[in-house]
**Q** 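Below you will find the structure I want to go over with you.
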Protein chains: 2
Amino acid sequence: MVTLSEENYLKAIYHLGNQGDNTVSTNAIAEQIEAKASSVTDMVKKLADKQLANYIKYQGVSLTEEGRLTARTVIRKHRLWETFLVKKLNFSWHEVHDIAEQLEHIKSEKLIDKLDDFLDNPTHDPHGDPIPDKHGNYTKIKSKSILEIKPGNQGVLTSVKDSSKAFLKYLNKNELALGDSIKVVDFEPFDESFTIETKTKTITISKNVAKNLCLSI
Amino acid sequence: MVTLSEENYLKAIYHLGNQGDNTVSTNAIAEQIEAKASSVTDMVKKLADKQLANYIKYQGVSLTEEGRLTARTVIRKHRLWETFLVKKLNFSWHEVHDIAEQLEHIKSEKLIDKLDDFLDNPTHDPHGDPIPDKHGNYTKIKSKSILEIKPGNQGVLTSVKDSSKAFLKYLNKNELALGDSIKVVDFEPFDESFTIETKTKTITISKNVAKNLCLSI
DNA sequence: TTAATATTTTAGTCTTGACTAAAAATATTT
DNA sequence: AAATATTTTTAGTCAAGACTAAAATATTAA
Ligand SMILES: [Mn+2]
Ligand SMILES: [Mn+2]
Ligand SMILES: [Mn+2]
Ligand SMILES: [Mn+2]
């Protein structure tokens, strides 16, 4: 049995491992999970005891195959519930993360399979992130941050790198949503801002915003 | 903040208090919650500290107004989730209780309000139990156990007193479901069994089964 | 290549919610 | 009314998962 707290650690290690090499530092986990480094050391030992993580003192943590699958299962649940909340209960995409943080720990394989079917087996959640299937597999849509796109090119907004409430609300305010067709029309070197054009309007966005918007070309 | 464990105790005290006078013994709670009496004493003190229960040593426990409302809110969530599982995810009524035991602790008022609307504000759960509204109010359908019904009378099966998996599976096997029109045709004093007639068939049921089937006349 | 700094681990505490065993209070019999 | 049985509470433990402070290790800079 994997506890709620263990699930949260596995998820954190998984996410951190995916952006860099696969071995993660105690401090990085501590920051992600908002706990102290000493608490992380304790938990990481437990995960290693349960064969969910590889851990060598002072050298960081990585997930075992079993740990990785467990992490993906939690992520699958999180993203399916987010999809449910938006598609069926009409929540906005900025409201669902905190509720999904709770729902992702509900234990029932049958429930998740049925929820998956009820939602017509979605492949991506409301933030454009891929939903693993029940074996933990998924394919990420190839997309590029606007930062890396040269003026003149265009694509469809398929995911956001930052899913924070503040950022999503900013996008709501500026009427930018997943699926929108976006053309990059200008880049201003002075402040590294971009000017982009949608079906309905042209707006200028900061470097920080550009970085977090991913288009598939 | 009310913890998951506190919510379970409030629910137990509420259910026990409803069948008898409103004051409940330590032992009764212990049995309901499957814990030892000493653990109950500890928790009951915490509930009293938080103004959720009235407690006098050796004299039993009752809920305060606030405790009662909290209990009803948990019960509301439990029954709404059970309804969701049966109506939307096509679970059978004998499968939903254990999952609802987990879901009832998810904290988000907005979620429950939206779930309620999504289900078209149901008044009763899959076992015929009333669903409190967001103020904790509900009206129970008037119904009588078959035990108290004289042969010759008939009514509609509106709830079951026992929601255990074993009993619900028995009803599935015998194709008895809520909403069925049932006529009591005979009572056999020797073993206190009843013979009942539905639209499709006539069957004999034991006293124990009869006791747990409630018809509204 | 030391010295200073940063990271990580250890040791010891705390809280929550459980437990056992023993003591105290209440209830039931004789 | 006393003896016995039952219920309830108290006292002391335990495990999980967090914390602080101090020690150990690793990294970076002088
Ligand atoms: Mn999320
Ligand atoms: Mn998401
Ligand atoms: Mn139930
Ligand atoms: Mn029910």
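Labels below follow one simple rule: chain letters A, B, ... track the order of the sequence lines, proteins then strands, and each chain is numbered from 1. It should be emphasised that the depicted structure is a prediction, and the values quoted were computed from it without experimental measurement.
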**Q** Expressed in angstrom and rounded to an integer, what is the separation of A:I56 atom CD1 from C:dT8 atom P?
**A**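 That distance rounds to 14 Å.
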
**Q** When all nucleic acid strands are considered with a 4.0 Å heavy-atom cut-off, which category describes B:S5: base, sugar-phosphate, or nothing?
**A**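 The residue B:S5 makes sugar-phosphate contact but no base contact.
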
**Q** Report the nucleotide, chosen from D:dT9, C:dG17, D:dT10, that has the shortest atom-to-atom distance to any side-chain atom of B:K45.
**A**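 Of the options given, the side chain of B:K45 lies nearest D:dT10.
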
**Q** Could you check which nucleotide pairs with D:dA2 in any of the strands shown, counting Watson-Crick or G-U wobble with both distances under 3.5 Å?
**A**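 Because both required distances fall under 3.5 Å, D:dA2 counts as paired with C:dT29.
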
**Q** Name the closest nucleotide to the B:D42 side chain, picking from C:dT8, C:dC19, D:dT8.
**A**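 So the side chain of B:D42 is nearest to C:dC19.
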
**Q** Using a strict threshold of under 4.0 Å (side-chain N to carboxylate O), is an ion pair present between A:K165 and A:E95?
**A**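 Salt bridge between A:E95 and A:K165, a charged N being under 4.0 Å from a carboxylate O: no.
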
**Q** Nearest whole angstrom, please: distance from the C1' of D:dA16 to the CE of A:M1.
**A**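 Going from CE in A:M1 over to C1' in D:dA16 covers 11 Å.
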
**Q** Are A:H127 and A:H97, when compared by the centres of their aromatic rings, separated by less than 6.0 Å?
**A**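 Judged by ring-centre distance (under 6.0 Å), A:H127 and A:H97 do not meet the cut-off.
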
**Q** With salt bridge (charged side-chain N to carboxylate O under 4.0 Å, His left out) as the criterion, how do B:D116 and B:R76 come out once you've worked through the C-alpha distance, each side chain's angles and the decisive distance to 0.1 Å?
**A** CA-CA 10 Å; B:D116 194 9; B:R76 166 174 163 78; 3.1 Å; yes

**Q** Does a side-chain N or O from A:K36 land closer than 4.0 Å to OP1 or OP2 of D:dT20, or not?
**A**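 True: A:K36 side-chain N/O within range (under 4.0 Å) of D:dT20 OP1/OP2.
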
**Q** From the options C:dT8, D:dT9, D:dC19, select the nucleotide whose nearest atom is closest to the side chain of B:K57.
**A**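 Nearest listed nucleotide: D:dT9.
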
**Q** To the nearest Å, give me how far apart CG (B:L10) and C1' (C:dG17) are.
**A**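 Taking CG of B:L10 and C1' of C:dG17, I get 15 Å after rounding.
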
**Q** Please report, rounded to the nearest Å, how far the P atom of D:dA15 is from the CD atom of A:E6.
**A**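 So the two atoms are 16 Å apart, to the nearest Å.
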
**Q** Closest approach to the side chain of B:T41, judged atom by atom: which nucleotide of C:dT8, D:dT8, C:dC19 is it?
**A**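 Comparing C:dT8, D:dT8, C:dC19 against the side chain of B:T41, the answer is D:dT8.
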
**Q** What is the separation between atom CD on B:E34 and atom P on C:dA18, rounded to the nearest whole Å?
**A**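 Taking CD of B:E34 and P of C:dA18, I get 12 Å after rounding.
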
**Q** Under the 3.5 Å rule, do the base of D:dT20 and the side chain of A:S38 count as making a donor-acceptor pair?
**A**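 A donor-acceptor contact between them is present.
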
**Q** Is the shortest side-chain N/O distance from A:K46 to OP1 or OP2 of D:dA16 below 4.0 Å?
**A**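 For D:dA16, OP1/OP2 do not have a side-chain N/O of A:K46 under 4.0 Å.
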
**Q** What does B:S39 touch in the nucleic acid at a heavy-atom separation under 4.0 angstrom: a base, only the sugar-phosphate, or nothing?
**A**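 Result for B:S39 = base.
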
**Q** Determine: side-chain N/O of B:T3 to OP1/OP2 of C:dG17, distance under 4.0 Å, yes or no.
**A**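 Yes, because at least one side-chain N or O of B:T3 sits under 4.0 Å from OP1 or OP2 of C:dG17.
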
**Q** If you look at every strand shown and take non-hydrogen atoms under 4.0 Å, does A:A37 touch a base, only sugar-phosphate, or nothing?
**A**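 A:A37: base contact, heavy atoms under 4.0 Å.
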
**Q** Salt bridge between B:E104 and B:K77, side-chain N to carboxylate O under 4.0 Å?
**A**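 B:K77 and B:E104: not salt-bridged.
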
**Q** With the threshold set at 4.0 Å, does a side-chain nitrogen-carboxylate oxygen contact exist between A:E65 and A:R68?
**A**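 Salt bridge flag = yes for A:R68 with A:E65.
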
